[in-house]
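As structure tokens, the structure follows; a few thoughts come after it.
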Amino acid sequence: MESALLVDRRDGWTMLTLNRPDRLNSFNEDLHRALAAALDDAAADAGCRAVLLTGAGRGFCAGQDLSARAGLAEAPDLGATIDALYNPLVRRIRGLEKPVICAVNGVAAGAGANIALACDIVLAARSAKFIQAFSKIGLVPDSGGTWFLPRVIGDARARALMMLAEPLTATQAAEWGMIWKVVEDADLAAEAEKLTAHLATQPTYGLALTKQALNASGANSLDAQLDLERDLQRKAGRSPDYAEGTKAFMEKRTPAFTGRPS
Ligand code: T3D
């Protein structure tokens, strides 16, 4: 049987492909476990300096695999799966000390849409759509959606998307600031790989500190954030990449970053 997740280690970065195309890459437990293990491997591997997440086939991810949920004799405890699988996934992506790029190659629905939003930089194919599908089956948006979406597109738009479950085109998502960029379908894979390969040559430690600052900003006052920036900048200033970056600037050459903290 083919693996639910394809892991492709490239030069300095790793591509993770959700691989259940006939179920639009919806999540079952196998896929959750494989993705968690692959993200942990990427975290532990100093040679991996960026991660690209995408989907196989015509969809990115349709959220939870509903075939495991329909027709059950007893109501399932969905809080338990959120606790055990979805919340740890979002925390892994946000907490990974390297950039996570998401290439949304097709429809992203339910948790699939919100997992894309948890990534650091989101590119989407022109034909892709984002659907907060939860209300269609009586559920609440999860995987951080109610946290991410009002922050990135505003409360009014987030509420309507979540209550109506209408598809949002990739073009509109980019216009609303929900994602970084829309790319023509035929160009998505190459563009996402190029971007990830570029990020893998950048000052990984500094990017991890940047990610830490951005992750904290949603809950911090300006004062607290200024203090955090000071503390993180102190750490960045002691990194070899900062020494290399300033030296290369003065020598008018491209810096050769190692990505290491020391
Ligand atoms: O349960 C918990 O643990 C709690 C956590 C919940 C997190 C969640 O994500 S809840 C939300 C779950 N997701 C959805 O409600 C989305 C369901 N899917 C759709 O609404 C539609 O498939 C799409 C709008 C995403 C795409 O529509 P379309 O017309 O392009 O494709 P399709 O024909 O509906 O789907 C293609 C196939 O994929 C189809 O199978 P078939 O008929 O060819 O054998 C369809 O059943 C299957 N599929 C799509 N989404 C899912 C799925 N199978 C299982 N689970 C799915 N989520």
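Order of listing sets the numbers, starting from 1, for every ligand and every atom in it. Residues: numbered from 1 along the sequence shown. Not measured: the values here are computed from a predicted model.
Hydrophobic cluster membership for V107: L24, I131 (Ile, Leu, Val, Met, Phe, Trp, Tyr linked by side-chain heavy atoms under 4.5 Å, directly or transitively).
No donor-acceptor pair closer than 3.5 Å links the side chain of N19 to the backbone N or O of A56. Judged purely by atom type and a 3.5 angstrom limit, D65 has no side-chain atom pairing as donor or acceptor with the backbone of S26.
K211 pairs by the side chain to side chain donor-acceptor pair (under 3.5 Å) definition with D120, not counting sequence neighbours. Under the ring-ring contact (aromatic ring centres under 6.0 Å, His included) criterion, Y242 pairs with no residue at all, not counting sequence neighbours.
Side-chain atoms of T171 and R126 include a donor-acceptor pair closer than 3.5 Å.
The 4.0 Å heavy-atom shell around ligand 1 contains residues D22, R23, L24, S26, R58, A62, G63, Q64, D65, L66, R69, L78, T81, I82, Y86, V107, A109, G110, A111, I131, A133, F134, I137, L139, D142, ordered by chain and number.
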